[in-house]
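These numbers come from the heavy atoms of this one structure, side chains and all, not from hydrogens, waters or symmetry mates.
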Amino acid sequence: MGEYFVRVWGKQEFVKTFAIVSGLCQLTTLIFTFLTAIVTLDYQRLFLPQSGMGGFIFGLTVSFKQTVPEHQVRLMGYNIVRVKHIPSIVLLLHLVLYIFGFITWTFFMHLSGLFWMWIYTRYYKYYGDRRGDRSETFSFISFFPDQFAQHLKPISTTVYTLLVKYKLLPPLPPREQLERAEEGIPPQPISDSDRRKQLALRALEERLQSKK
C-alpha cells in the first residue's frame with residue numbers, strides 16, 4: 001500500500017503526509033488516553049504501547065477513496081467492493097469490534113487516522129498549485145450511504161461555513177476555478193483531480209502487472 005502511494009504522490013510528499021497524519025494520530029490518542037485515565041482512575045492506561053503508524057495505515061484507505069473511488073477490489077476473481085466504500089466499511093467493522101470489547105484504545109487511533117487523513121488531503125494538501133480537493137466524490141457526506149447523504153449535506157455545509165469563518169479550516173478553491181480547469185480553459189489545461197486519478201490508475205495498473 002505504501003509503495004503505491006509513493007508512486008502516486010512521490011517519496012517526499014509521502015514522507016510529509018506520514019509525518020503529519022501519524023503525528024496527529026499519536027497526539028490525539030495520547031490526549032484521549034490521558035483523559036480516560038483521569039476519569040476512570042486507571043493510570044495503567046498511560047503505559048500502554050502506542051504508535052501513530054496504525055492510524056496512518058487506516059488513513060490510507062481514505063486516500064484510496066480519493067484517488068480511485070470507482071475501482072473495484074477483487075477477491076478470488078470476484079468484484080467485492082468499490083474503493084470508495086472501504087473507509088466506511090473499515091470504520092463500521094472497528095465500531096463493532098469496539099462495542100464487543102475486542103479492541104479498546106486502538107479504535108480511537110484508527111478513527112483519528114481516517115479523520116486526520118481526510119482533513120489533510122481535503123483541505124491542506126497541495127495538488128499542483130492548488131490547495132485542497134473540492135471534488136464531490138471526496139466530500140464529507142460521500143462517506144455515508146446516499147439515503148443519509150442528502151440529509152447530512154445541509155448540516156455539513158453549515159459546520160464547514162462556521163469553521164472557515166472562525167479560521168479553523170482554510171477555504172477551498174472557488175468551484176468556478178475548478179470548472180474552468182476541467183473544461184480546459186486557459187491557463188488551466190487540465191484539472192489536478194483528473195491528473196491525479198490518471199496517475200493513480202497508472203500506478204495501480206503497473207503494480208497489478210508486476211504481480212502477474
Side-chain angles (χ1 to χ4, degrees), residues 5 8-9 13 16-29 31-32 35 52 55-71 82-92 94-95 107-183 185 188 190-197 200:
F5 282 104
V8 175
W9 294 342
E13 184 60 36
K16 178 182 177 182
T17 303
F18 169 76
I20 292 173
V21 175
S22 62
L24 288 170
C25 288
Q26 184 68 63
L27 179 61
T28 303
T29 306
I31 293 174
F32 170 77
L35 292 177
F56 174 75
I57 292 175
F58 276 81
L60 287 178
T61 62
V62 173
S63 296
F64 266 123
K65 170 184 170 64
Q66 180 194 26
T67 53
V68 284
E70 298 301 326
H71 182 75
R82 293 188 185 276
V83 170
K84 64 182 180 181
H85 299 308
I86 291 179
S88 302
I89 294 173
V90 168
L91 177 59
L92 181 60
H94 272 66
L95 180 60
F107 168 73
F108 296 95
M109 174 173 286
H110 297 161
L111 177 62
S112 68
L114 298 175
F115 174 76
W116 289 121
M117 182 65 82
W118 180 74
I119 288 291
Y120 176 66
T121 52
R122 174 73 168 173
Y123 296 102
Y124 292 96
K125 192 173 183 294
Y126 279 92
Y127 305 97
D129 59 351
R130 188 171 65 238
R131 188 185 195 185
D133 180 355
R134 190 167 180 166
S135 59
E136 289 295 326
T137 56
F138 197 51
S139 63
F140 176 75
I141 61 174
S142 69
F143 288 86
F144 298 89
D146 295 338
Q147 296 86 340
F148 298 101
Q150 58 182 340
H151 301 293
L152 291 172
K153 187 170 184 178
I155 300 175
S156 65
T157 301
T158 302
V159 172
Y160 166 72
T161 302
L162 290 174
L163 291 175
V164 171
K165 179 180 179 180
Y166 292 103
K167 299 182 178 180
L168 296 175
L169 279 180
L172 289 170
R175 188 175 299 277
E176 293 79 9
Q177 179 182 344
L178 301 185
E179 291 174 351
R180 288 175 63 86
E182 291 169 356
E183 293 171 3
I185 299 176
Q188 306 276 350
I190 185 173
S191 71
D192 291 326
S193 177
D194 289 340
R195 187 183 300 110
R196 186 178 62 254
K197 289 177 181 178

Criterion side-chain contact (heavy atoms from CB on, under 4.5 Å) on Thr121 and Tyr127, from CA distance to verdict
CA-CA 9 Å; Thr121 52; Tyr127 305 97; 3.6 Å; yes

Closest non-hydrogen atom pair between [X] and [Y], with its separation:
X	Y	value
Met109	Cys25	O-SG, 4.2 Å
Arg122	Asp133	NH1-O, 2.7 Å
Arg131	Tyr126	CB-CE2, 3.6 Å
Tyr160	Pro170	OH-O, 4.1 Å
Ser156	Phe140	CB-CD2, 4.0 Å
Ser142	Thr137	OG-O, 3.3 Å

How long is the gap from [atom1] on [X] to [atom2] on [Y], to the nearest 0.5 Å?
X	Y	atom1	atom2	result
Phe58	Leu91	CZ	CG	10.5 Å
Phe56	Ser112	CZ	OG	13.0 Å
Lys84	Glu70	NZ	CD	4.0 Å

Close side-chain approach of [X] to [Y], heavy-atom, < 4.5 Å:
X	Y	answer
Phe144	His151	no
Phe64	Phe5	yes
Glu13	Lys125	yes
Phe108	Thr29	no

Could you check Ile86 against Lys65 for side-chain contact (heavy atoms from CB on, under 4.5 Å), going step by step and ending with a plain yes or no?
CA-CA 7 Å; Ile86 291 179; Lys65 170 184 170 64; over 6 Å; no

Checking Trp118 side chain against Phe138 main chain: does a donor-acceptor pair fall under 3.5 Å?
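Between the backbone of Phe138 and the side chain of Trp118 there is a qualifying donor-acceptor contact (under 3.5 Å).
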
Please name the residue in the list Ile20, Leu24, Leu60 that meets the side chain to side chain contact (heavy atoms under 4.5 Å, CB included) test with Met117.
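Single pass found, and it is Leu60.
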
Option from Thr67, Val90, Leu114 for which side chain to side chain contact (heavy atoms under 4.5 Å, CB included) with Val62 holds:
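Exactly one pass, corresponding to Leu114.
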
Is the His94 ring parallel, tilted or perpendicular to the His110 ring (thresholds 30°, 60°)?
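The arrangement is perpendicular - the two ring planes meet at more than 60°.
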
Checking Trp9 against Thr17: is there a side-chain donor and acceptor pair closer than 3.5 Å?
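Result is no, nothing qualifies.
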
